[in-house]
Amino acid sequence: MNASSPTLGLALLVAGAGGAGAVLRALLIHHLGLRRSDPLPVGTLVVNASGSLLLGVLTGLSLYHGLEPHVLAVTGIGLCGGYTTWSTASWETIHLLHTGHRTEAVVYTLSSLAVCLAAAAAGIGLMALA
């Protein structure tokens, strides 16, 4: 086993960060959902966009500023992985389609993809300039 192999300690840190990210996601989606009456799942979009931005920043820190691989693993894979959720966004799209909100489903899916890609690129770009 070489020095870059994951250890049990690192795996536990990633798992803990993933759990914390999932709890943050659930709280934010619930909080934003209470304030809306339309069918668009804006909470998931906000979560995925902010997580994509954070992952972009972390990636930029790794690429341009030497962020340690273990820190990137815990925060990127663990925290961001638990925080963001493509599966929920997919389910919400299916739910919109099933309930007759076809236009909203298309707008939600395309805007989610565009916003999240732009957020990740912005995070990397910001760190390239820093």
Side-chain angles (χ1 to χ4, degrees):
M1 190 152 71
N2 63 36
S4 66
S5 296
T7 63
L8 178 60
L10 178 61
L12 291 173
L13 287 172
V14 169
V23 169
L24 288 171
R25 170 178 27 105
L27 291 172
L28 185 56
I29 289 173
H30 176 74
H31 180 72
L32 291 174
L34 292 176
R35 294 174 162 42
R36 300 188 54 83
S37 59
D38 63 55
L40 286 177
V42 174
T44 302
L45 178 59
V46 169
V47 163
N48 286 341
S50 60
S52 294
L53 177 65
L54 177 57
L55 190 54
V57 167
L58 292 167
T59 300
L61 286 171
S62 176
L63 290 171
Y64 304 114
H65 302 286
L67 181 67
E68 292 293 324
H70 291 103
V71 175
L72 182 61
V74 172
T75 56
I77 296 169
L79 184 67
C80 291
Y83 179 65
T84 59
T85 174
W86 187 251
S87 59
T88 299
S90 298
W91 179 88
E92 289 168 341
T93 299
I94 298 301
H95 179 72
L96 286 169
L97 289 170
H98 183 71
T99 57
H101 297 96
R102 289 178 178 85
T103 301
E104 291 89 342
V106 171
V107 168
Y108 175 66
T109 300
L110 294 177
S111 63
S112 291
L113 181 60
V115 167
C116 290
L117 287 173
I124 293 170
L126 286 171
M127 293 304 99
L129 295 173

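Below, all heavy atoms of this structure are taken into account, side chains as well, without hydrogens, waters or symmetry copies. Note that the structure is a prediction, hence the values are computed from the model and not measured.
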Student: Are Val47 and Leu54 joined in one hydrophobic group, where the rule is that I, L, V, M, F, W and Y side chains link up if heavy atoms are under 4.5 Å apart?
Tutor: yes

Student: Once rounded to the nearest 0.5 Å, what's the spacing between atom CG of Leu27 and atom CG of Leu32?
Tutor: 11.0 Å

Student: Is the backbone of Leu55 close enough, under 3.5 Å, to the side chain of Thr59 for a donor and an acceptor to pair up by distance?
Tutor: yes

Student: Determine whether more than 12 heavy atoms belonging to other residues, nucleotides or ligands lie under 6.0 Å from atom NE2 of His98.
Tutor: no

Student: Is the closest side-chain heavy-atom distance between Trp86 and Ser90 below 4.5 Å?
Tutor: yes

Student: Between atom OG1 of Thr7 and atom CG of Leu10, what is the distance when rounded to the nearest 0.5 Å?
Tutor: 5.0 Å

Student: Taking all non-hydrogen atoms of both residues, which atom of Thr99 and which atom of His101 are closest, and how far apart?
Tutor: OG1-ND1, 3.0 Å

Student: Would Val14 end up clustered with Leu61 when hydrophobic side chains under 4.5 Å apart are linked, directly or stepwise?
Tutor: no

Student: Decide whether Val42 and Leu96 are clustered together by the hydrophobic rule: side chain heavy atoms of Ile, Leu, Val, Met, Phe, Trp, Tyr closer than 4.5 Å, transitively.
Tutor: yes

Student: Rounded to the nearest 0.5 Å, what's the gap from OG1 on Thr44 to CZ on Arg25? Could you check?
Tutor: 8.5 Å

Student: Taking the side chain as every heavy atom from C-beta outward, state whether Tyr83 and Ser50 have any pair of such atoms under 4.5 Å apart.
Tutor: yes

Student: At their closest point, which heavy atom of Ala49 faces which heavy atom of Cys116, and how far apart are they?
Tutor: N-SG, 3.6 Å

Student: Do Val57 and Val115 belong together in a cluster built from hydrophobic side chains that touch within less than 4.5 Å?
Tutor: yes

Student: Report whether Val46 and Leu24 are members of the same hydrophobic cluster (ILVMFWY, side-chain heavy atoms less than 4.5 Å apart, transitive linking).
Tutor: yes

Student: Any side-chain heavy-atom pair from Met127 and Leu63 closer than 4.5 angstrom?
Tutor: no

Student: Is the shortest heavy-atom distance from the side chain of Thr75 to the side chain of Cys80 under 4.5 Å?
Tutor: no

Student: Is there a side-chain contact between Val106 and Thr103, using heavy atoms and a 4.5 Å cut-off?
Tutor: no

Student: Check whether any side-chain N or O of Asn48 sits under 3.5 Å from a backbone N or O of Thr85 as a donor-acceptor pair, and report yes or no.
Tutor: yes

Student: Under 3.5 Å, is there a donor-acceptor pair between the Thr93 and Thr109 side chains?
Tutor: yes

